[in-house]
Amino acid sequence: MGIGGVLLRRLAGAAFLPGAWLQSRFQGGIRILMYHRVSPAPVYDQLTVTPERFARQMEYLRRHCRILGLAQAVDELRSSEFVRSGIVVTFDDGYRDNLEFALPILRRFEIPATIFVTTAFCDQTARHPRYPESPERLHLDWHEVRELANTPGISIGSHTLTHPYLSRTTDTQASVEICSSKDRLASEVQGPVDYFCYPSGDVTEREQQMVQSAGYRAAVTVAPGVNACGVALHALRRTEITDRDGVVDLFMKVKGAYDPIHRLLHWRRRRSFAKAATAARLGVASGANK
Ligand SMILES: [Zn+2]
């Protein structure tokens, strides 16, 4: 997004702000923030926030928001008729920089977080396809995952075994990705793994049912918006935060002023996921016929 795009987004956000403010005041609800990497980035990357920017964002949240861990948020969503506004911080994919750069900042501002790891990435047998070439080790190893799991305020969740587009997998493959990753993680961190994150936000009713049946308490998607009373706990909404988000943008996102724009983008993403899932199913069917 260029400078024109940033201004356009702010203008649209300003138009939606009064409605969003009223809604958050009367509806309350938990907004779950989605991060990936925190690292000094030589060029802009949508999944990477620089440590300086991340520190400013955490400072803003600490000053202006009620921050809670995912477990407490789920407790409140399950038990309260009205959930006060609150913010949860999450990270996807288990990047090594979460330990190196994000953790000291989270500790400085006493902000809890949940990190969703993919077991093959921790095994170092695969890496996120977005970064095929990086020379250094990209993902947390198991020793580092355990270190994070033992850090007060930090919890580890599952992001599958191999980070597939789940809706394109067979029932057996999806079940293995969802259930075996839970078991493997639980044995690695020597504790329960109660939360799941759908890779790339690709989720249908089938995966939601499987995640629930596997015993996860809740799961997060990339559907935008706030989580208020009555939300499906296995399809929690999240708001992506990037390096472009200064204090103004963070304020807009926390208040929900960018939700209408994000809903439109998400609708397009879901349409392309559905097309790809149909193509994958047709591919499996025609392969079976050969
Ligand atoms: Zn991911």
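All values below come from the heavy atoms of this structure, side chains included, with hydrogens, waters and symmetry mates left out. All values reported here derive from a predicted model rather than from experimental measurement. Just so you know, ligand 1 is whichever comes first in the structure, and atom 1 is the first atom listed for that ligand.
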Linked hydrophobic residues, Tyr165 as query - side chain contacts closer than 4.5 Å = Phe273
Share the residues that join Leu233 in a hydrophobic cluster, the rule being Ile, Leu, Val, Met, Phe, Trp or Tyr side chains under 4.5 Å apart at the heavy-atom level.
-> Ile30, Ile32, Leu68, Leu70, Val74, Leu77, Val83, Val88, Phe116, Tyr195, Val220, Val231, Leu236
Run through Arg237, Arg31, His266 and flag the one making a side-chain hydrogen bond (donor to acceptor under 3.5 Å, both in side chains) with Asp259.
-> Arg31
Is the His234-Tyr216 ring centre distance short of 6.0 angstrom?
-> no
Taking the six-membered ring for Trp and the single ring otherwise, decide whether the centroids of His139 and Tyr95 are under 6.0 Å apart.
-> yes
Residues in side chain to side chain contact (heavy atoms under 4.5 Å, CB included) with Pro51, at least two apart?
-> Val38, Pro40, Phe101, Ile105
In the protein, how many N/O/S atoms are under 2.8 Å from the Zn ion (ligand 1)?
-> 3
